[in-house]
Chemist: 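Input: one structure, supplied below.
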Amino acid sequence: MNVLKKRWAAAAAAAAGLVLLTACGSGGSSGSSAGGTVTLGFAQVGAESGWRTANTKSIQESAKSAGIELKFSDAQQKQENQISAIRSYIQQKVKVIAFSPVVESGWDTVLKEAKTANIPVILTDRAIDSPDKSLYKTFLGSDFVAEGKKAGEWLTKEYGSATGQVNIVELQGTTGSAPANDRKKGFADVIAADPKYKIVASQTGEFTRAKGKEVMEAFLKSQPKIDVLYAHNDDMALGAIEAIEAAGKVPGKDIKIVSVDAVKDGMQALADGKINHIVECNPLLGPQLMDLVKKVAAGEQVPARIETQETEFDQAAAKTALPQRQY
């Protein structure tokens, strides 16, 4: 009987050790929930541009690489669709919610619901204007005001020696969105220092190529003299180029163009001389986002704001960067 007891005790000890080793070897990575897979609910703005398509691909591929279960929705640029998606994620009890807000305002109610459900929220690419910073854990993305300032600084250098008025038309992004508001502000702040810079027309092109073309056609009809186009993204600039060429003018010469994004099509237009300058806005946020998702899911503290590192491109830099461009 003693021998049997000893054998049983040894077997039990071995089994316990096996369980302990298994527990240490699996589910120990940051952000795992009870040893299981972290589930992320992501509510995307839409697919309005080449930038957004690259952003979505980065998120989907990075989630797969990180072993995160991704529940993805496309809001088709409608806030009500994003709110519905977030509520659905709350009901599904996902571990973390992330989204890129269509517009800045109107999020407090649904984010309070997520907070009540104890589901942390991460803002990506675009911020919100809520005074309650406890509604989200962090913001990951670009400084859109700085992007607008860079575009303005290029303009003031390009036309620094000009003596007459410099007429500018502006293609704004989606009305009420953070990038549209901030890129407009940053640009306006810089050119305000000299009265010769005048924005003669400014209208939303909704961040799309088709709308950019349509609005630029209207600008060309209503404005007798346009020196510069400032586009809040490359897709609108590319649409505007079609309109400029159709009007018998040469983009990049007759009308100089400064844009934001640096997607591959925009960079090609820059290399070809049809765009004069591009301020980068990096869409490849997936790897950083998944790292944050794991940390937030594990209850770790993260910085309140994490900005992506970005640059600017002239024609020579675009030609150099294009062969390796991922988006």
Side-chain angles (χ1 to χ4, degrees), residues 49-51 53-54 147-173 183 186-187 190-191 196-203 205 207-221 223-283 310-327:
S49 63
W51 191 100
T53 302
E147 291 171 353
K149 284 182 176 177
K150 288 175 184 175
E153 285 160 2
W154 170 83
L155 178 77
T156 56
K157 286 175 186 173
E158 187 74 10
Y159 288 88
S161 60
T163 53
Q165 181 170 295
V166 178
N167 291 337
I168 306 157
V169 294
E170 179 181 31
L171 282 170
Q172 297 180 45
R183 285 173 187 162
F187 185 80
V190 171
I191 66 169
K196 76 180 176 189
Y197 301 114
K198 185 173 176 62
I199 296 177
V200 294
S202 182
Q203 189 176 324
F207 282 131
T208 69
R209 199 173 299 201
K211 192 70 176 178
K213 181 182 178 182
E214 179 188 317
V215 176
M216 191 66 201
E217 286 170 346
F219 286 166
L220 288 162
K221 288 174 184 174
Q223 301 301 323
K225 182 176 181 285
I226 299 172
D227 298 304
V228 181
L229 163 65
Y230 168 41
H232 287 194
N233 82 338
D234 289 346
D235 277 75
M236 291 189 294
L238 291 163
I241 285 168
E242 294 179 35
I244 292 166
E245 290 177 331
K249 295 180 183 293
V250 181
K253 290 183 180 177
D254 295 334
I255 298 175
K256 293 195 175 180
I257 300 173
V258 57
S259 179
V260 181
D261 269 359
V263 296
K264 193 171 282 186
D265 286 352
M267 294 281 277
Q268 187 61 60
L270 176 56
D272 294 341
K274 294 183 179 184
I275 292 176
N276 303 86
H277 194 78
I278 295 179
V279 177
E280 186 180 38
C281 182
N282 189 353
E310 294 156 345
T311 187
E312 299 175 63
F313 295 93
D314 59 12
Q315 186 176 32
K319 286 179 178 177
T320 301
L322 260 172
Q324 287 81 37
R325 205 70 182 156
Q326 293 182 54
Y327 55 92

Chemist: May I ask you to say whether E147 pairs ionically with K150, meaning some side-chain N is under 4.0 Å from a carboxylate O?
Modeler: no
Chemist: I226 and side-chain contact (heavy atoms from CB on, under 4.5 Å): which single residue from I244, V169, D254 fits?
Modeler: V169
Chemist: Closest approach of Y327 and C281, non-hydrogen atoms and distance?
Modeler: OH-O, 4.4 Å
Chemist: Could you walk me through whether L171 and H232 pass the side chain to side chain contact (heavy atoms under 4.5 Å, CB included) test, one step at a time?
Modeler: CA-CA 6 Å; L171 282 170; H232 287 194; over 6 Å; no
Chemist: Salt bridge (Lys or Arg N to Asp or Glu O under 4.0 Å) with E280: which residues, sequence neighbours excluded?
Modeler: R325
Chemist: Indicate the ring-plane relationship of W154 and Y159, choosing parallel, tilted or perpendicular according to the 30° and 60° boundaries.
Modeler: perpendicular
Chemist: Might you confirm whether atom NZ of K196 has over 12 heavy atoms from other residues, nucleotides or ligands at distances under 6.0 Å?
Modeler: yes
Chemist: Run V190 and L155 through side chain to side chain contact (heavy atoms under 4.5 Å, CB included) and show every step you take.
Modeler: CA-CA 9 Å; V190 171; L155 178 77; over 6 Å; no
Chemist: Grab the two heavy atoms, one from K256 and one from N276, that are nearest each other, plus how far apart they are.
Modeler: CA-OD1, 3.1 Å
Chemist: By the definition side-chain contact (heavy atoms from CB on, under 4.5 Å), identify the one residue from V228, I168, N167 that meets it with Y197.
Modeler: I168
Chemist: For the backbone of G50 and the side chain of D235, can you confirm whether one donor and one acceptor N or O come within less than 3.5 Å of each other?
Modeler: yes
Chemist: Kindly determine whether Q268 and L322 satisfy side chain to side chain contact (heavy atoms under 4.5 Å, CB included), including the steps that lead there.
Modeler: CA-CA 7 Å; Q268 187 61 60; L322 260 172; 3.4 Å; yes
Chemist: Would the distance check show the side chain of S259 and the main-chain N or O of N233 forming a donor-acceptor pair, the cut-off being under 3.5 Å?
Modeler: yes
Chemist: Measuring from atom CZ of R209 to atom CG of D234, what distance do you get when rounded to the nearest 0.5 angstrom?
Modeler: 9.0 Å
Chemist: Can you establish whether the number of heavy atoms outside K264 located under 6.0 Å from its atom NZ is more than 12?
Modeler: yes
Chemist: Report, as yes or no, whether the 6.0 Å neighbourhood of atom NZ on K225 holds more than 12 heavy atoms from other residues, nucleotides or ligands.
Modeler: yes
Chemist: Begin with the C-alpha distance, continue with both residues' side-chain angles, and end with the deciding distance and a verdict on side chain to side chain contact (heavy atoms under 4.5 Å, CB included) for E158 and V166.
Modeler: CA-CA 11 Å; E158 187 74 10; V166 178; over 6 Å; no
Chemist: If you take all heavy atoms of I278 and A262, which pair is closest and at what distance?
Modeler: CG2-N, 3.3 Å
